[in-house]
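Working notes, structure below.
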Amino acid sequence: MKIHKAVFPVAGLGTRFLPATKASPKEMLPLVDKPLIQYVVEEAIEGGIKEIVMITGRGKNAIEDHFDISFELEHTLRGKNQNGLLEEVQRISNLVDFCYIRQKEPLGLGHAILRAKDVIGNEPFAVLLGDDIIYSDIPAIKQLIDVYEEYHSSIIAVEEVEKRDISNYGVIEPKEVANGVYRISNLVEKPLPDKAPSNLAIIGRYILTPEIFNILENTKAGRGGEIQLTDGLKGMLSHQVIYGYKFKGKRYDAGNKLGFLKATVEFALRRPDLGEEFREYLKGLKLTE
Ligand code: G1P
């Protein structure tokens, strides 16, 4: 079955970016001039996704507005003959079909995904987490869809990370079955470095079979008192095979300050309209005391 729908859990509070995120969603923080969430939405569309289900929360209306028509702005840009900008804002609102569901309480990633049960129905679907920005030739979610089409099982994006960082991630116990494809025998959410079953961390891209919903309904709160997707996937292992896939591309953890800064600098350096001047600026940079 083809993957048409994607779930974007965007209800997180963004406490790591306070005060910037006190009144605006962390997903709207820009890398250069484009909000984080738009990079991930564009990745999904390039991967063939036709419908995006955003799991939102209070204070996240800016995301809905961003992907909607803006009459006033379009009228003003048209009046000023700023056609390039007009096309860009119109393009954003025509990207894809969106559906918004509220997660009333922040009870975890598994709980957020479960909110999409009725809209997704009985078909496999993608999940994309906005904190992970992936720069790649082939969109990361498309790479996972291609692996799904070969194995017809849930597929999770994984990446090797340093031991000292492993406790920030879900971690898989892998057995490599093909180049970069791992059959998973166990998953642990945010283990201590010495308890981690490998150095392969779960990155925020998943293709999930719909059986995950019934399992999440029966998954108890785990780490941090939240219903964890990783625990749901562990529960699914007794019914279905799940694979990890080491995607090709560079991943930025835009959910923390250092990762966000690295992404900002590198995306700016890649921009044809800014890159050269910005590189010169960085080369000559001397901070005054
Ligand atoms: C979530 C998942 C975790 C995964 C991570 C990837 O954690 O629970 O398994 O490794 O996303 O970004 P979070 O970063 O939301 O705490």
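Both counts, for ligands and for their atoms, begin at 1 and track the order of listing. What's counted below: heavy atoms across the whole structure, side chains too, no hydrogens, waters or symmetry copies.
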Next on the checklist: side chain to side chain donor-acceptor pair (under 3.5 Å) for Q103 and H111? Distances and angles first, verdict last.
Outcome noted: CA-CA 8 Å; Q103 183 187 19; H111 179 263; 2.9 Å; yes

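Of the listed residues (E159, E176, E160), just one forms a salt bridge (charged side-chain N to carboxylate O under 4.0 Å, His left out) with K246, and that residue is E160. Results of the salt bridge (charged side-chain N to carboxylate O under 4.0 Å, His left out) test with K34 over E88, E42, E27 single out E42 as the only residue that passes.
Considering backbone and side-chain N/O of G170, one or more are found under 3.5 Å from N/O of ligand 1. Of the polar atoms of I202, at least one N or O is found under 3.5 Å from an N or O of ligand 1, judged by distance alone. At least one N/O-N/O distance between E189 and ligand 1 falls below 3.5 Å. No N or O atom of Y206 sits closer than 3.5 Å to an N or O atom of ligand 1.
The closest protein non-hydrogen atom to atom 7 (O) of ligand 1 is K190 NZ, 3.4 Å. Protein heavy atom closest to atom 11 (O) of ligand 1, with residue, atom name and distance, is L129 CD1, 3.4 Å.
Ring geometry for F260 versus F17: interplanar angle over 60°, hence perpendicular rather than tilted (30 to 60°). The aromatic rings of Y281 and F278 lie parallel to each other, with less than 30° between the two planes, well short of the 60° mark.
Against a heavy-atom cut-off of under 4.0 Å, Y169 is close to the following atoms of ligand 1: 10 (O).
Ligand 1 lies within reach of D132, whose nearest heavy atom is under 4.0 Å from it. Ligand 1 has T230 within reach: a non-hydrogen atom of the residue lies less than 4.0 Å from it.
The shortest heavy-atom contact between V96 and E51 is CG2-N, 4.0 Å. Taking both residues in full, the closest heavy atoms of I3 and P124 are given as CD1-CB, 3.6 Å, listed atom of the first, atom of the second, then distance.
Atom 15 (O) of ligand 1 is not flagged as protein-proximal [any protein heavy atom, distance under 4.0 Å].
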